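From a predicted model like this one, the values you see are computed outputs, not experimental measurements. Sequential numbering from 1 along the given sequence is applied to the chain's residues.
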Amino acid sequence: MQRNLVETLVGAVVLAVALGFGWYAYSTTSIRGTRGAYELTARFDRADGLAIGTDVRVSGIKVGSVTAITLDPATFFANIRFALRSDVKLPDDTVAEIAAEGLLGGRYLNLNPGNADTILAAGQAVKYTKSSADFMQMIGKFLFSATEDKGKTGAAPAAGSTQP
């Protein structure tokens, strides 16, 4: 009888810990959904690093998340749809940009509010966007331009060598 009581108590403790972890995950992540939120869209020429669920931030504070990423087959632009908290009202001249958390970090959608008097309504598009920088492409251009410059300048003749 004592063994059954110990097993029951251990099982109850394990269940309580699992429920605690579940509650913590639910309260600290975006699992809860976007109740009370409204959606906006933005068009980018490249959407590197963004995925559904990516953070949307204003002044470094998470205010929403990306809900859809689609390709416009006519223009080949990336259409990003994102949900924002209902208490965040953005001016009409807001700039949306894809920013990096660090040199090797992930990407997020950063919103820089402007000073316009009109506010973006649900379903409207952010007019001004700035795409992500491709660090690997920039590094490649730098490396190849450095080797091309070295080849173009030519080396000075060594001391004691004869020129024809």
Side-chain angles (χ1 to χ4, degrees), residues 15 17-155:
L15 185 61
V17 169
L19 288 173
F21 279 125
W23 175 81
Y24 177 75
Y26 177 79
S27 63
T28 58
T29 62
S30 59
I31 294 173
R32 290 178 284 184
T34 54
R35 279 178 274 153
Y38 68 101
E39 286 192 341
L40 297 175
T41 60
R43 275 178 41 162
F44 293 92
D45 59 344
R46 56 185 308 132
D48 294 343
L50 290 185
I52 294 174
T54 299
D55 288 356
V56 176
R57 300 179 189 175
V58 174
S59 300
I61 299 168
K62 181 180 177 181
V63 295
S65 59
V66 173
T67 58
I69 300 173
T70 58
L71 178 68
D72 183 349
T75 62
F76 299 106
F77 279 99
N79 292 320
I80 310 298
R81 192 171 66 223
F82 53 96
L84 295 176
R85 295 187 331 220
S86 60
D87 63 328
V88 177
K89 304 295 182 194
L90 295 173
D92 190 61
D93 60 346
T94 296
V95 177
E97 66 177 333
I98 299 172
E101 291 178 348
L103 187 59
L104 299 175
R107 304 282 174 115
Y108 63 94
L109 184 61
N110 188 45
L111 300 174
N112 295 316
N115 294 321
D117 293 330
T118 56
I119 302 297
L120 288 169
Q124 285 190 309
V126 176
K127 296 176 197 167
Y128 308 106
T129 61
K130 184 178 173 185
S131 296
S132 63
D134 187 358
F135 292 117
M136 295 307 288
Q137 186 178 23
M138 287 191 293
I139 291 170
K141 283 183 180 179
F142 173 75
L143 290 175
F144 287 120
S145 68
T147 57
E148 288 175 5
D149 290 344
K150 189 176 182 181
K152 288 180 182 176
T153 58

Checklist entry - Is any side-chain heavy atom of F82 less than 4.5 Å from a side-chain heavy atom of V126? => result yes
Next on the checklist: Rounded to the nearest 0.5 Å, what separates atom CD1 in I80 from atom OG1 in T70?
Outcome noted: 7.5 Å
Item to check | Interatomic spacing from OG in S65 to CG in L84 - rounded to 0.5 Å | outcome: 9.0 Å
Checklist entry - Going through the checks in order, is the side-chain contact (heavy atoms from CB on, under 4.5 Å) test met by L40 and L111? => result CA-CA 12 Å; L40 297 175; L111 300 174; 5.8 Å; no
Checklist entry - Which heavy atom in L50 sits nearest to a heavy atom in L109, and how many Å separate them? => result CD2-N, 4.1 Å
Next on the checklist: Looking at every non-hydrogen atom in both residues, tell me the closest pair between R107 and T54 and how far apart they are.
Outcome noted: O-CG2, 3.3 Å
Checklist outcome for this item: Scanning both residues in full, the closest heavy-atom pair of R43 with T75 reads NH2-OG1, 4.1 Å
Item to check | Residue pair R85 / K62: nearest heavy atoms and the distance that separates them | outcome: NH1-O, 3.5 Å
Checklist outcome for this item: Correct closest heavy-atom pair for V58 and P113 would be CG1-CG, 3.9 Å
Would you list the atom pairs, donor with acceptor, under 3.5 Å between side chains in residues 88-95 and any protein atom, with sequence neighbours excluded?
residue: K89; atom: NZ; partner: S86; partner atom: O; Å: 3.1
residue: D92; atom: OD2; partner: K127; partner atom: NZ; Å: 2.8
residue: D93; atom: OD1; partner: N115; partner atom: N; Å: 3.1
residue: D93; atom: OD1; partner: A116; partner atom: N; Å: 3.1
residue: D93; atom: OD2; partner: N115; partner atom: N; Å: 3.1
residue: D93; atom: OD2; partner: A116; partner atom: N; Å: 3.4
residue: T94; atom: OG1; partner: P91; partner atom: O; Å: 2.7

Checklist entry - Are more than 12 heavy atoms from other residues, nucleotides or ligands located less than 6.0 Å from atom CG of D87? => result yes
Next on the checklist: Show, in sequence, the C-alpha distance, side-chain angles and deciding distance for D48 and I98, and conclude whether the side-chain contact (heavy atoms from CB on, under 4.5 Å) test is met.
Outcome noted: CA-CA 8 Å; D48 294 343; I98 299 172; over 6 Å; no
Item to check | S131 side chain to F44 backbone, donor-acceptor under 3.5 Å | outcome: no
Checklist entry - Which heavy-atom pair separates L120 from A125 by the least distance, and what is that distance? => result CD2-O, 3.8 Å
Checklist entry - So do N112 and E97 actually touch side chain to side chain, heavy atoms under 4.5 Å? => result yes
